[in-house]
Amino acid sequence: MTDVHGFHAVSALLEQSPGRIRTLFLLRGRRDERAERIIELARNAQVRVEFVDRRWFDRNAGDAHQGIAANCHELAPAGEGDLESIWESLPSPKLLLVLDGVQDPRNLGACLRSAAAAGVQAVLLPRRRSAPLSAVALKTAAGAAERLRIFEVTNLARRLEWLQAQGVWLVGAMGSAEADWSSVDLTRDIAFILGGEEKGLRPLTVKHCDYLVRIPMAGGMESLNVSVATGVLLFEAVRQRGLGGAS
């Protein structure tokens with residue numbers, strides 16, 4: 001079990017995956033507009049609501065809970081077979097995100113939030129080298145994780161080869177790359193690949209990339225946080241496609 005905190009994250013749960021919620025906890029006496037909407041969503045989804053005092057939240061929910069928490073079943077990523085089964089139903093140009101070893105759950109959550117905002121159709125996470133979809137990641141994602149198709153990948157190199165066989169161009173982010181991020185045609189089926197916080201992309205992943213791009217830094221900065229870089233790259237694709245987000 002895990003707990004999801006905050007109004008955005010809990011609202012997304014109630015709208016997208018109410019079956020995951022075992023019990024919804026709300027601060028006793030709170031009756032503002034946001035709380036009333038949450039109560040209505042819970043009632044419609046037949047989710048049990050318990051009203052508790054602030055001491056309960058301080059003891060069980062930590063900081064920044066906003067007076068709301070959902071005790072729920074873990075959000076489990078789908079398998080690779082699920083990706084293959086839905087592949088033909090994804091419209092083109094496809095926009096995918098591959099995170100190669102992001103370890104910090106807050107970074108993972110922030111990447112997922114950018115992915116949802118940009119209309120990413122699938123997020124691929126390696127089974128052994130990724131932060132889990134924990135309460136911290138889900139809180140940071142602010143409801144984005146429930147809106148995304150997230151897949152767990154056993155062998156990333158093999159899955160990248162499969163994507164290429166489907167006509168997807170693999171664009172890796174690397175500080176030492178020669179090409180700027182805006183110089184690549186992103187109007188085709190694209191999968192952006194971003195590496196972990198310390199080491200970046202692994203060498204085997206680099207070998208599979210069709211393009212390697214960098215985001216130029218000013219002022220002697222070497223690189224951006226992985227979640228910031230994810231947002232920059234994804235919204236360059238959105239800009240090139242002239243869309244408000246991919247479908």
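Numbers for residues simply follow the sequence, beginning at 1.
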- prompt: Do R31 and I39 come close enough that some side-chain heavy atom pair is under 4.5 Å?
  reply: yes
query: Excluding sequence neighbours, so at least two apart, what forms ring pair (Phe, Tyr, Trp, His ring centres under 6.0 Å) with Y211?
result: W169
task: Using atom types as modelled and distance alone, determine if a side-chain donor or acceptor of E152 lies under 3.5 Å from a backbone N or O of L125.
output: no
- request: Following the transitive rule for hydrophobic clusters with a side-chain heavy-atom cut-off under 4.5 Å over Ile, Leu, Val, Met, Phe, Trp and Tyr, establish whether I150 and L83 coincide in one cluster.
  value: no
- request: Please check if V184 and V168 belong to a single hydrophobic cluster, counting links between Ile, Leu, Val, Met, Phe, Trp and Tyr side chain heavy atoms closer than 4.5 Å.
  value: no
- request: Locate the shortest heavy-atom distance separating A145 from A141; write the atom from each residue and the value.
  value: N-CB, 4.1 Å
field: Backbone of N71 reached by a side-chain donor or acceptor of R22 within 3.5 Å
entry: no
- request: Calculate, to the nearest 0.5 Å, the distance between atoms CG and SG belonging to L138 and C72 respectively.
  value: 7.0 Å
field: Atom pair CD/CG of Q164 and D189 - distance to nearest 0.5 Å
entry: 12.5 Å
- prompt: Is there side-chain contact between L124 and L163, with at least one heavy-atom pair below 4.5 Å?
  reply: yes
message: Side chains of I193 and L160, heavy atoms from C-beta outward: is any pair under 4.5 Å?
response: yes
message: Checking E15 now: which residues fulfil salt bridge (charged side-chain N to carboxylate O under 4.0 Å, His left out) with it, not counting sequence neighbours?
response: R37, R147
- prompt: Okay, side chain of T230, backbone of V226: is any donor-acceptor separation there less than 3.5 Å?
  reply: yes
message: So, applying side chain to side chain contact (heavy atoms under 4.5 Å, CB included) with L156, which one of T205, L99, L204 is it?
response: T205
- request: Can you run down the salt bridge (Lys or Arg N to Asp or Glu O under 4.0 Å) pairs that involve residues 159-185, sequence neighbours left out, and say none if there aren't any?
  value: E80-R159, E84-R159, D180-R214, D185-R188
statement: A42 and L14 have their tightest heavy-atom pair at CA-CD2, 4.0 Å
- prompt: Taking side chain as C-beta onward, heavy atoms only, is C111 less than 4.5 Å from L194?
  reply: no
- prompt: Should Q103 and R129 count as side-chain neighbours, where that means a heavy-atom distance under 4.5 Å?
  reply: yes
- prompt: Under a 4.5 Å cut-off applied to non-hydrogen side-chain atoms, are I190 and R241 in contact?
  reply: yes
- request: Might you confirm whether atom NE2 of H8 has over 12 heavy atoms from other residues, nucleotides or ligands at distances under 6.0 Å?
  value: no
task: Tell me, with the steps shown, if F151 and I86 meet side chain to side chain contact (heavy atoms under 4.5 Å, CB included).
output: CA-CA 12 Å; F151 301 91; I86 69 162; 3.7 Å; yes
- prompt: How far does CG of D82 sit from CZ of R149, to the nearest 0.5 angstrom?
  reply: 11.0 Å
message: Whether the side chain of Q240 engages the backbone of L186 through a donor-acceptor N/O pair (distance < 3.5 Å, no angle test) should be reported.
response: yes
field: Within 6.0 angstrom of R106 CZ, more than 12 heavy atoms from elsewhere
entry: no
query: If you take all heavy atoms of A35 and L26, which pair is closest and at what distance?
result: CB-CD2, 4.2 Å
- request: Look up atom OG in S134 and atom CG in L108, then write down how far apart they are to the nearest 0.5 Å.
  value: 7.5 Å
task: Answer yes when E40 and R43 have at least one side-chain N-carboxylate O distance shorter than 4.0 Å, and no when they do not.
output: no
- line: Nearest heavy-atom contact between V102 and G195 is CG2-O, 3.9 Å
field: Beyond-backbone contact of H5 with I68, side-chain heavy atoms, under 4.5 angstrom
entry: no
task: Would you please test V213 and L233 for side chain to side chain contact (heavy atoms under 4.5 Å, CB included) and show each step?
output: CA-CA 9 Å; V213 299; L233 294 172; 4.1 Å; yes
- prompt: Is there a path from F192 to L96 through hydrophobic residues (I, L, V, M, F, W, Y) whose side chains come within less than 4.5 Å of each other?
  reply: no
query: Quick one: does N44's side chain have a donor or acceptor within less than 3.5 Å of a partner on L41's backbone?
result: no
query: Checking D100 side chain against R202 main chain: does a donor-acceptor pair fall under 3.5 Å?
result: yes
message: Donor-acceptor check, side chain of Q16 to backbone of A144, threshold 3.5 angstrom: yes or no?
response: no
- line: Nearest heavy-atom contact between V98 and A191 is CG2-CB, 4.4 Å
field: Spacing of T140 atom OG1 and D104 atom CG [to the nearest 0.5 Å]
entry: 8.0 Å
task: Begin from the C-alpha positions of D32 and R34 and carry the test salt bridge (Lys or Arg N to Asp or Glu O under 4.0 Å) through to its verdict.
output: CA-CA 6 Å; D32 55 51; R34 289 203 295 178; 5.2 Å; no
- prompt: With a 4.5 Å heavy-atom cut-off, do R20 and E146 have their side chains touching?
  reply: yes
- prompt: Rounded to the nearest 0.5 Å, what separation is found between the SG atom of C209 and the CG atom of L201?
  reply: 6.0 Å
Considering all heavy atoms, the nearest I215-W181 contact: CG1-CB, 4.2 Å
query: Taking a hydrophobic cluster as the set of Ile, Leu, Val, Met, Phe, Trp and Tyr residues connected by side-chain heavy atoms closer than 4.5 Å, whether directly or through intermediates, do L170 and V120 fall within one such cluster?
result: no
message: Please say yes or no: joined through hydrophobic side-chain contacts below 4.5 Å, possibly via intermediate residues, are W162 and L90 part of one cluster?
response: yes
